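Since the structure comes first, as structure tokens, the remarks are kept for the end.
Since the structure is predicted, the reported quantities are computational estimates derived from the model, not experimental observations.
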Amino acid sequence: MHGIAGRRTVLRDDLPAAADARRAEAEAIAEAYSCAHHGNDRAALVAAIADALADLAAAEERTEAMRRQVSRGYARAGAPVAVERA
């Protein structure tokens, strides 16, 4: 059947492979942060969270900028006109 993964619906058969890939990627990232902070796990965790929050804020800014552009496009062009086809 289906399962929910984050905000998207995926087939249950896809969950184990996707979860394994995410887990492997998370472990690689954790190792990189740990090495960068010379084995200080707390400092590595704080740095990873700070980077994730910065990435989230940047993504939200890009999304808001795109919304403004779309909104301006509709305001300039007006509402779309329905065209009948013969």
Side-chain angles (χ1 to χ4, degrees):
M1 291 265 192
H2 292 85
I4 302 295
R7 292 185 179 164
R8 60 189 179 94
T9 302
V10 295
L11 296 175
R12 286 208 187 273
D13 295 341
D14 293 341
L15 288 176
D20 287 345
R22 283 191 304 271
R23 177 75 179 200
E25 185 177 10
E27 288 177 2
I29 292 168
E31 182 64 28
Y33 274 97
S34 182
C35 287
H37 292 277
H38 309 290
N40 183 337
D41 291 339
R42 180 169 169 37
L45 178 62
V46 170
I49 292 170
D51 288 350
L53 290 172
D55 289 347
L56 179 61
E60 288 172 349
E61 287 175 14
R62 287 190 303 272
T63 300
E64 185 57 33
M66 291 172 68
R67 284 187 184 134
R68 285 191 305 268
Q69 288 176 348
V70 168
S71 178
R72 284 189 204 125
Y74 280 115
R76 287 185 191 142
V81 177
V83 176
E84 290 186 30
R85 294 181 184 205

Q: List in chain and number order the residues that pass side chain to side chain donor-acceptor pair (under 3.5 Å) with Asp51, two or more places apart in sequence or in another chain; answer none if no residue qualifies.
A: Tyr33
Q: Give, for atom CG of Leu56 and atom CD1 of Ile49, the distance between the pair rounded to the nearest 0.5 Å.
A: 13.0 Å
Q | In one Ile/Leu/Val/Met/Phe/Trp/Tyr side-chain cluster, 4.5 Å: Leu45, Leu53 | A | yes
Q: Using side chain to side chain donor-acceptor pair (under 3.5 Å) as the criterion, list what pairs up with Arg42, not counting sequence neighbours.
A: none
(Q) Looking at Ser34 and Ala30, would you say the former's side chain and the latter's main chain have a donor-acceptor pair under 3.5 Å? (A) no
Q.
Applying salt bridge (Lys or Arg N to Asp or Glu O under 4.0 Å) as the test, list every pair that has at least one member in residues 53-63; sequence neighbours left out.
A. none
Q. For His37 and Ala44, which heavy atoms make the closest approach, and how far apart are they?
A. CD2-CA, 3.7 Å
Q. With a 4.0 Å cut-off, would you call Arg67 and Glu64 a salt bridge?
A. yes
